[in-house]
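Below is one structure, written out as structure tokens, with a few remarks after it.
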Amino acid sequence: MVALTFPDGARRDYPQGITGLEVAKGISPSLAKRTVAMALDGVLADLADRIERDARIEFVAREDPRALELIRHDAAHVMAEAVQALWPGTQVTIGPVIENGFYYDFFRNEPFTPEDFPAIEKKMREIIARDRPFTKEAWSREEAKRVFRDRGELFKVELVDAIPEDQEIKIYRQGEWFDLCRGPHMTSTGKVGDAFKLMKVAGAYWRGDSRNPMLTRIYATAWAKPAELDAYLKQLEEAEKRDHRRLGREMDLFHFQEEAPGSVFWHAKGWTLFQALESYIRRRQTAAGYVEVNSPQLMDSELWVTSGHMEKYHDMMFLTEQREEEERRYVVKPMNCPGHVQIFKNGLKSYRDLPLKVAEFGKVHRFEPSGALHGLMRVRAFTQDDAHAFITEEQIARECLAMNDLILSIYEDFGFPDVVIKFSDRPEKRIGSDEVWDKAEAALMSALQASGRPWTLNKGEGAFYGPKLEYVLRDAIGRDWQCGTVQVDLNLPGRLGAFYIDEHSNKVTPVMLHRAMFGSLERFTGILIEHYAGHFPLWLAPLQAVVATITSDADDYAREALAAAQRLGLRVEADLRNEKINYKVREHSLAKVPLLLVVGKKEAAERTVSIRRLGSQQQQSMTLDAALALLAGESVAPDVKRLAQAA
RNA sequence: GCCGGCUUAGCUCAGCUGGUAGAGCACCUGAUUUGUAAUCAGGGGGUCGGGGGUUCGAAUCCCUCAGCCGGCACCA
């Protein structure tokens, strides 16, 4: 006998080996009918599975949120059957559920194109309409390999081989078609429903390894109800509207062109935004005890040989040509650290100088693979808010904590609600003694725990020179961005010959901490454009307000208002064009100008303005002086505002 | 870098199976002086991404290079 506990707390005994379906039927035929799977002790299982042990049992209806991953997984099987029905000889490989949908990787000489989608979707609907039950079989390893080999499914043979010896080989059938699969599945193909859509084709390496053959991946989305599918598609459209590449063009922030792939042409408005961010970081880190330096763009390649970068990253660095009159070759810097070590080494340093925290808005160049380039998010030339702290071993914990606090405080100012920290500890291949690693990891970990933030362990993912923290932001539409980093470096200072004199007159190699907060300013600007959907807070908005006239009678007054605003350092333009106010309101709203100061005859006579805020229909009338004071107040950066409040 | 797709006016896009390029918006000019999301009329603008080939003839077909887009791989 097995004892099953039901969600209402009832507990009943059943013969051992009874199936979930039989249990459901025993309770009521209608329950059995609407149930697509069960959960035993919270783990999803086939409804046809035999129950061998006492368990908490729950019946999962198709509408249950937990059924969604089954719908998607079943849909993946249906898609694979459809593809093989349409193109015999296509090999199937793997088809997992992912966020918002699923994919399936196929191997076929002729790749698929989106034009094939309608046919595949049609065939899928046929298979779903047939409503064949999913049935599970356990095969022997040899039998599975023989069957797949006979069918020419060589990738499946590899998959069978990859299954650990202690696990059984499970095959799921849906009518004639079957697939190697871990399961579980719903009761039949009909349960997939029709809220699915094929989204895109993509190449993907077999087993994620670029040395392997490339497969064709078909991405699809699937939902329990058509309304959910529609909502998802709408959400994608919304995300597209806030794409920083699109907003960058629409808001006249920047552009790219063929002659400089991966390098940004910043327009005046975009550069204003960029500089607002740079100034902000400069204020924050100066307040935290950093000094700012600037190191050369080009340095002798020998230095990069010494640092080890040449060997590891040669293919990703820009190098100058060797010239007749100059035998040396120069490297366009891909990072700032070697330069900062040179600054540290210049002049003898004492333990009294430590910690020495050196920051630079260094522009670095990296020859990123062409396929990796992506707007501002992945470029070949970018500006890091980089810093290196030269410290003693004893100072590791304190300085890491200070960096951690600074980074988290900065993200708060931009309204990122969720920050997840990844802790990467010692990798297999590393330098330095275990004692030093122990100390470095413990110090980093104490900083991490002091932050009180959620974190995850990235086992063995640290740099070869030391452990690191990586800060991942989640933006307004739920996407993750890795930005900040704190790295303990036990290697480079020694390698480049840096030392300080300790209190016993001994030469000691300092520990170096690498720190970035935004990471790449280019990328962070892109993230912010999407995070705010172009609706920047006033302190960042490239154009804060437009003074718009209703008739030309107000032109002189508008010019006066503009000049007064500019004297206050506000970023304001005047729109004196011979256009209707409706037209101007529309145009500046679309351009996402935060504030419109509308002036007509009435305002000119009364020395007032009518304020209209972006996203609001309402108007607010006040005197020009009051309006400018308000604007100036709202334009103050959050850190400066805090200082003013504290004073 | 790999797989697939795309590249036509400043932007968004149309141009069927080859016959020599079009729309809307933007821009310019004129009229209109306007009260909170598009006033009307007129006008200019393209060696159809670069190079090569097939053809009597190429935006259209083929090859090649580049860039971009979607993934994969990579990301000090």
Side-chain angles (χ1 to χ4, degrees), chain A residues 103 105 108 110-116 199-219 240 243 245-246 249-250 252 255-262 304 307-313 315-317 333-338 364 366-375 377-380 382 384 386 463-465 468 482 485 487 489 491-492 514 516 519-520 523 548-555 576-591 596-603 610-621:
Chain A
Y103 66 78
D105 286 347
R108 179 178 164 231
E110 280 286 294
F112 300 98
T113 77
E115 284 162 28
D116 297 325
M199 302 298 287
K200 51 199 175 195
V201 287
Y205 296 110
W206 167 237
R207 298 187 145 185
D209 190 327
S210 58
R211 289 165 301 190
N212 286 340
M214 182 152 277
L215 310 170
T216 302
R217 173 172 300 179
I218 299 181
Y219 282 95
E240 215 169 289
D243 188 308
R245 294 165 298 189
R246 172 177 173 153
R249 187 175 54 241
E250 288 175 359
D252 194 20
H255 84 271
F256 289 90
Q257 66 187 47
E258 278 200 35
E259 290 79 359
W304 300 96
S307 71
H309 291 97
M310 204 55 162
E311 192 194 343
K312 195 152 186 228
Y313 294 109
D315 291 346
M316 292 186 71
M317 304 202 303
K333 68 175 173 185
M335 10 182 19
N336 302 301
C337 1
V364 297
R366 299 178 182 177
F367 198 90
E368 301 286 351
S370 58
L373 301 180
H374 179 91
M377 304 307 195
R378 192 78 183 268
V379 288
R380 286 184 177 155
F382 60 100
Q384 289 182 314
D386 204 4
F464 69 94
Y465 51 74
K468 58 182 178 182
Q482 187 172 309
T485 182
Q487 301 178 12
D489 188 343
N491 174 41
L492 206 56
H514 303 244
S520 143
R523 194 168 79 114
T549 53
I550 291 171
T551 73
S552 51
D553 293 335
D555 284 2
L576 308 183
R577 290 177 303 171
N578 177 9
E579 295 290 351
K580 287 191 164 183
I581 191 61
N582 283 310
Y583 181 88
K584 295 184 182 181
V585 166
R586 175 181 157 81
E587 199 164 80
H588 297 121
S589 299
L590 288 175
L596 265 185
L597 308 180
V598 178
V599 297
K601 257 187 206 162
K602 181 163 155 283
E603 286 77 9
S610 166
I611 300 182
R612 181 187 169 116
R613 286 178 188 270
L614 182 60
S616 164
Q617 244 81 251
Q618 287 171 7
Q619 298 156 45
Q620 191 186 4
S621 184

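Every heavy atom of this structure was used, including side-chain atoms; hydrogens, water molecules and symmetry mates were not. Bear in mind that the values here come from a model prediction, so they are computed numbers and not experimental data. Naming convention: chains lettered A, B, ... in sequence-line order (proteins, then strands); numbering from 1 in each chain.
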Comparing nearest nucleotides in RNA chain B, the 5'-proximal residue of the pair Thr113(A), His309(A) is Thr113(A)
Per nearest nucleotide of RNA chain B, the residue lying toward the 5' end, Asp553(A) or Asp243(A), is Asp553(A)
Whole angstroms only, please: what is the [atom1]-[atom2] distance between [X] and [N]?
X: Arg211(A); N: C74(B); atom1: CZ; atom2: P; value: 10 Å
X: Gln618(A); N: A37(B); atom1: CD; atom2: P; value: 13 Å
X: Arg246(A); N: C25(B); atom1: CZ; atom2: P; value: 18 Å
X: Asp209(A); N: G1(B); atom1: CG; atom2: P; value: 19 Å
X: Lys468(A); N: C75(B); atom1: NZ; atom2: P; value: 9 Å
X: Asn582(A); N: G35(B); atom1: CG; atom2: C1'; value: 8 Å
X: Glu311(A); N: A76(B); atom1: CD; atom2: P; value: 16 Å
X: Glu240(A); N: U12(B); atom1: CD; atom2: C1'; value: 13 Å

Using a 4.0 Å heavy-atom cut-off, does [X] contact any base of the nucleic acid, only the sugar-phosphate backbone, or nothing at all?
X: Gly308(A); result: nothing
X: Met199(A); result: nothing
X: Ile550(A); result: base
X: Pro111(A); result: sugar-phosphate

Do the non-hydrogen side-chain atoms of [X] and [Y] ever get within less than 4.5 Å of each other?
X: Lys333(A); Y: Pro338(A); value: no
X: Tyr313(A); Y: Arg366(A); value: no
X: Arg245(A); Y: Phe256(A); value: no

Please state whether the phosphate of [N], meaning OP1 or OP2, lies under 4.0 angstrom from any side-chain nitrogen or oxygen of [X].
X: His374(A); N: C75(B); value: no
X: Arg249(A); N: U12(B); value: yes
X: Arg612(A); N: A37(B); value: yes
X: Arg245(A); N: G70(B); value: yes
X: Tyr583(A); N: A26(B); value: yes
X: Lys312(A); N: A76(B); value: no
X: Ser370(A); N: G1(B); value: yes

Using the [atom1] atom on both, measure [N] against [M] and round to a whole Å.
N: U29(B); M: G70(B); atom1: C1'; value: 44 Å
N: C3(B); M: C74(B); atom1: C1'; value: 16 Å
N: G30(B); M: U36(B); atom1: C1'; value: 27 Å
N: C62(B); M: U54(B); atom1: P; value: 15 Å
N: C69(B); M: C28(B); atom1: C1'; value: 34 Å
N: G24(B); M: G43(B); atom1: P; value: 12 Å
N: U55(B); M: G19(B); atom1: C1'; value: 12 Å
N: U12(B); M: G49(B); atom1: P; value: 14 Å

Taking N and O atoms by type only, does the side chain of [X] place a donor or acceptor under 3.5 Å from a partner on the base of [N]?
X: Arg366(A); N: C75(B); answer: no
X: Glu603(A); N: G35(B); answer: yes
X: Tyr205(A); N: G71(B); answer: no

### Query
Now, which nucleotide makes the Watson-Crick or G-U wobble pair with U7(B), with each of the two distances under 3.5 Å?
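The base-pairing partner of U7(B), which may sit in any strand shown, is A66(B).
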Can you tell me the pairing partner of A58(B) across any strand shown, Watson-Crick or G-U wobble, with both distances under 3.5 angstrom?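 The answer is none; no pair meets the criterion.
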Side chains of Arg217(A) and Tyr219(A): is there a donor and an acceptor less than 3.5 Å apart?
yes
Problem - Tyr313(A) ring over A76(B) six-membered base ring, under 5.5 Å and 30° - result: yes
Write down the atom of Ala554(A), the atom of Val599(A), and the distance for their closest heavy-atom approach.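 Of all heavy-atom pairs spanning Ala554(A) and Val599(A), the closest is CB-O, 3.8 Å.
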Give a yes or no on whether a salt bridge exists between Arg207(A) and Asp209(A), defined as a side-chain N under 4.0 angstrom from a carboxylate O.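 Asp209(A) and Arg207(A): not salt-bridged.
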**Study point:** Salt-bridge present (Arg577(A), Glu587(A); N to O < 4.0 Å)
**Key:**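 Yes, Arg577(A) and Glu587(A) are salt-bridged.
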Q) Aromatic ring centroids of His588(A) and Tyr583(A) under 6.0 Å? A) no
